[in-house]
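Below, read A as the first sequence line, B as the second, and so on, with proteins coming before strands; counting in each chain starts at 1. Computed over heavy atoms, backbone and side chain alike; hydrogens, waters and symmetry mates excluded.
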There are 2 protein chains.
Amino acid sequence: MQITDPTPHTTEASRATARRQQILAAAAQCFREHGFHGASIARISKIAGMSAGHIYHYFENKEAIIAAIVAQDLETLLTLTAELRAACNVRHALIERAAEGVLDQLDPDSAALKVEIVAEAARNSHVAQIVREADATCRRELMVTIRAIRSAAGHDDTPEATADMVEVLAALFEGLLLRTIRNPELDRKHVAQRIQLAINDLLDQPG
Amino acid sequence: MQITDPTPHTTEASRATARRQQILAAAAQCFREHGFHGASIARISKIAGMSAGHIYHYFENKEAIIAAIVAQDLETLLTLTAELRAACNVRHALIERAAEGVLDQLDPDSAALKVEIVAEAARNSHVAQIVREADATCRRELMVTIRAIRSAAGHDDTPEATADMVEVLAALFEGLLLRTIRNPELDRKHVAQRIQLAINDLLDQPG
DNA sequence: TAACATAGAATGAGCGTTCGATCTAGAATA
DNA sequence: TATTCTAGATCGAACGCTCATTCTATGTTA
């Protein structure tokens, strides 16, 4: 299966961007199916519908493609937490959104790539840096959100306590990535409900 | 049909087992540092202190080494849940053990390998099968344990509800593997305490 | 001596990457 | 308008290297 570009490119710039995106889409598919090291430039180029050599017109090397994929994946996470923070009744918004977020995390295809990214971060310092910076931003956002919810409920937590709660919340969510791979038959809807309950309890934990 | 002696000389047998273990230890280190596909037989053999070709005296191919590493890693998980199940006051045992288990999960070195295994399971059906069988066993054990705790507290849950709770518990634990990679600076002791509280709440959720 | 342990070279495939040759579309020019 | 020029897009062959695996020869030991 080959990824073709359906949009005609009026300018040179858009053509180049489209081509880049085409490569990234092909690479994401390959990385999902074979991992960062198992996916070859030859395979990526075949799916992207261009020669292997031509890939190097748009990316310096394979590492740069990996970095771009990682950055792209993390960007969606960043917008999600930012969006969450913007909601007016934050507690309600958080718990409502949670069910949706849980189902997203439980999609096996996207989970595979996300897990691959963390695995790569454990051994590739460049990827680790990108991942950790994005994570730090997310945590900061979540800390503000959770602090707002908690102080509305009369809790005056230390920053450390808030950070710990964020970690538990994050573990809960990210753990789903592993669960959907280890147990693809799990009941997605009911697990989402249980997670909502657990988040609710977490927000009421003593300081 | 000729029957050969099933028990060869102990020295030969132990020597072979030791050599096998030597290879597995070297492979585990390489897989942690470079991933399953990034680690070469040459590198593994160098760390194991033998020639590359000699590895094939003990393992059919690289895939067999991966399978052995995966099976070995999952075995420790199986004994842990079995051990948990054997405790008399299960609720107390579960929560006590939890803190210890959390700290184990937060060890970055072992986390890297565990995450690598799940990432490989997402694309290698042989590894997936091993992982999913072990996971099913763990879930079955945990379901019995949780059901015992819940019914002692007066809850009569459906098997489905219990399975969902197990999923949340598992997600919480396994999520820590990703957290310790994404945020190595997290406060391990305090996060462990928060997790204990969360598990406590989970066990009191409505049916 | 017989059987096993081990080394290390050989093999062929595939890797990431480079590079020079072609193609193509639009600007410049006549 | 017709022709030439040009710069980027694109290809595909080639390179040097490493990979997993096999094979052969040599120790080693009982």
Visitor: Partners of B/Arg150 by salt bridge (charged side-chain N to carboxylate O under 4.0 Å, His left out), sequence neighbours excluded?
Guide: B/Asp157
Visitor: How many whole angstroms separate atom CD1 of A/Ile23 from atom C1' of C/dG16?
Guide: 15 Å
Visitor: Using a heavy-atom distance cut-off of less than 4.0 Å, which residues of residues 52-71 of chain B contact DNA chain C?
Guide: B/Gly53, B/His54, B/His57, B/Tyr58
Visitor: I'd like to check the side-chain hydrogen bond (donor to acceptor under 3.5 Å, both in side chains) partners of B/Glu174; sequence neighbours left out, ordered by chain and number.
Guide: A/Arg179, A/Arg182
Visitor: Would you mind listing every salt bridge (Lys or Arg N to Asp or Glu O under 4.0 Å) that reaches into residues 42-69 of chain B, with sequence neighbours excluded?
Guide: none
Visitor: Excluding sequence neighbours, so at least two apart, what forms side-chain hydrogen bond (donor to acceptor under 3.5 Å, both in side chains) with B/Arg188?
Guide: B/Thr180
Visitor: Please determine, by modelled atom types, if B/Asp187 and B/His190 share a side-chain donor-acceptor pair under 3.5 angstrom.
Guide: yes
Visitor: Would you mind reading off the distance between A/Ile44 atom CD1 and C/dT17 atom C1', rounded to a whole angstrom?
Guide: 13 Å
Visitor: Who passes side-chain hydrogen bond (donor to acceptor under 3.5 Å, both in side chains) against B/Gln205, sequence neighbours left out?
Guide: A/Arg194
Visitor: So if I take residues 117-128 of chain A and measure heavy-atom distances to DNA chain D, which residues fall below 4.0 Å?
Guide: none
Visitor: Please report, rounded to the nearest Å, how far the P atom of D/dA20 is from the CZ atom of B/Arg43.
Guide: 10 Å
Visitor: Taking Watson-Crick and G-U wobble pairs with both distances under 3.5 Å, convert DNA chain C into its dot-bracket string, 5' to 3', dots for unpaired and | for cross-strand pairs.
Guide: ||||||||||||||||||||||||||||||
Visitor: Sequence neighbours left out, what passes salt bridge (charged side-chain N to carboxylate O under 4.0 Å, His left out) with A/Arg85? Give chain and number order.
Guide: A/Glu141
Visitor: Whole Å only: how far is the CD atom of A/Gln22 from the P atom of D/dA9?
Guide: 13 Å
Visitor: Counting only side-chain heavy atoms from C-beta out, which of D/dC11, C/dC15, D/dA20 sits nearest to B/Ser40?
Guide: D/dA20
Visitor: Applying salt bridge (charged side-chain N to carboxylate O under 4.0 Å, His left out), can you list everything that pairs with B/Glu33, at least two apart in sequence or on another chain?
Guide: none
Visitor: What is the distance, rounded to the nearest whole Å, between atom CD1 of B/Ile41 and atom P of D/dC17?
Guide: 22 Å
Visitor: Applying salt bridge (charged side-chain N to carboxylate O under 4.0 Å, His left out), can you list everything that pairs with B/Glu100, at least two apart in sequence or on another chain?
Guide: B/Arg97
Visitor: Show me the pairs that pass side chain to side chain donor-acceptor pair (under 3.5 Å) and involve residues 195-204 of chain B, at least two apart or across chains.
Guide: B/Arg91-B/Asn200, B/Arg91-B/Asp204
Visitor: Would a 4.5 Å heavy-atom cut-off, applied to side chains only, mark B/Val191 and B/Leu176 as touching?
Guide: yes
